[in-house]
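One structure is given here, and the rest of the page talks about it.
The figures that follow rest on heavy atoms only: side chains count, while hydrogens, waters and symmetry mates do not. So that the names make sense, note that chain A is the first sequence line, chain B the second, and so on, each numbered from 1.
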There are 2 protein chains.
Amino acid sequence: MTSSDRLSLNQATVKYADLATALSVTQEAGISSIGLWREPVADVGLRQAVAMVADSGLRVSSLCRGGFFTASDPALRSQALDENRRAIEEIAALAEAGAPGSAPVLVLVAGGLPEGDRDLAGARARAGDAVAELAIDAAGAGVVLAVEPMHPLYAADRGVVSTLGQALDLVEDLSPDVAGVVVDTFHVWWDPTLAEQLARAQGRIASYQVCDWITPFPGDALLSRGMMGAGHIDFAGITALVEKAGYTGDIEVEIFNQEIWNSDPLAVARRTVQAFGTTVGR
Amino acid sequence: MTSSDRLSLNQATVKYADLATALSVTQEAGISSIGLWREPVADVGLRQAVAMVADSGLRVSSLCRGGFFTASDPALRSQALDENRRAIEEIAALAEAGAPGSAPVLVLVAGGLPEGDRDLAGARARAGDAVAELAIDAAGAGVVLAVEPMHPLYAADRGVVSTLGQALDLVEDLSPDVAGVVVDTFHVWWDPTLAEQLARAQGRIASYQVCDWITPFPGDALLSRGMMGAGHIDFAGITALVEKAGYTGDIEVEIFNQEIWNSDPLAVARRTVQAFGTTVGR
């Protein structure tokens, strides 16, 4: 399989498309894999989504996303764990329905600091505890929990796991069959220890996602990602290190960007194929 | 000296005030130290600025800022080094004119990637080389070069030195008399290895700056800093680690925030005293 055969369109890149549209534009653009999100799956219901995925002939590269388990309130924490257990069941069914090579990978975003709470170390510890607790459910379902380090920009309000090193520490005591990490170029490209941490990630990378870091930084910090080639990231360099770490799975393009969201989804899928070919797939 | 006696008003917090106004509001608010910027000093000329500082009776805690030496073009690089040599002379004179306890510290911001350049490691190496080269001038002038790790948010366009660990690596081979690091809460608070790196920073902290990380993240990434207490940072925790690392100098409040800039500078200085007292100085 060449790099381009490994391209997967993450549904977030065509955020306004429903599941049927996302599946069809992926196929039409000649992409053989898709990264799913829970919300559009829930919109049609899991059973229907499973049938649609099976009909599409596409691989499923991951489900986004579980996590958000930093609450210190026991009731909220318990709710979050239950929600993650449902997500584990969903990705198990969706990956089973996908074409061979599908990956039963649930992407986990830790969540931010609880309201008014300044104890970052405490929130980080709770995130680690939650992953360890969910690993039992993941093992039962044959699912891999993929902890996603998020750019430090999001440490307060979205993801207290801020570096690849920290994510690797967090899964270290769990089997690689149930717990790994996500490498997303947007979140990790700046890290001076990236090469060293990717070397350490041998066998632990459960998902590889790409998009670019663009400047000037857009007004909305959540929508600051660009198509590969539009920004400052050296995709060839990072991809080589990811492959050296043993990752041979699909490579998801996941872009949160208002201009891309406002575009026709098929045009976006085709633009993705092209940009991928000249950067990551080169 | 209590923590509150160590408060220094960094001029960037009252950005629109000229040097005379910045000095007078600092005094009127009962603050005994000021962190200067090159531009307002240049507006009156160095000789006049030195006289004004001497008259004020204030300590000078640092000069912002040198750096911006990641250019790969030899002519641009040489220009940047010359500019930094002038900044070294300026802080030497200003600290000499300040009250006892003034610190001849030049804050250095590395600079971003050159236009179209995606070689982050290369830019980082050039930043390290430049600091080593300037260390000779700093030694001659009795000045400490203070390398400021900037939030990873700025890695592409302002500062390729992204973590305290990286800044410490960069100054490791130089004498602590001529090269240290800046710890700015805004830039480093998210770092999962912060406690460990601050322990390693023993005797290497040349400047400690505080301001808060606020959410939601404002439209302009450069103006996203808040008054202490307005955001998510645990100032007591970080300050304790900074003091444990042997830092007993002034603590600068440096806030880039449009609403604060639009306020009356004396009111801002008084607000700073109050916020400092209930957070850092507690």
(message) For the interface with chain B, which of A/P152, A/P216, A/A195 has the highest count of heavy-atom pairs at distances below 4.5 Å?
(response) A/P152

(message) Could you work out, with side-chain contact (heavy atoms from CB on, under 4.5 Å) as the rule, every residue matching B/A80, not counting sequence neighbours?
(response) B/F69

(request) Find the one option among A/G112, A/G231, A/A155, A/G116 whose heavy-atom pairs under 4.5 Å with chain B are most numerous. (result) A/G231

Output the donor-acceptor atom pairs between chain A and chain B under 3.5 Å, with atom names and distances to 0.1 Å.
from   : atom 1 : to     : atom 2 : distance (Å)
A/R118 : NE     : B/G231 : O      : 3.0
A/R118 : NH2    : B/G229 : O      : 3.2
A/R118 : NH2    : B/G231 : O      : 2.9
A/R124 : NH1    : B/W190 : O      : 3.3
A/R124 : NH2    : B/W190 : O      : 2.5
A/W190 : O      : B/R124 : NH1    : 3.3
A/W190 : O      : B/R124 : NH2    : 2.6
A/G229 : O      : B/R118 : NH2    : 3.2
A/G231 : O      : B/R118 : NE     : 3.0
A/G231 : O      : B/R118 : NH2    : 2.9

(request) Check each atom of A/I233 against the heavy atoms of chain B and say whether the ones under 4.5 Å are side chain, backbone, both or neither. (result) backbone

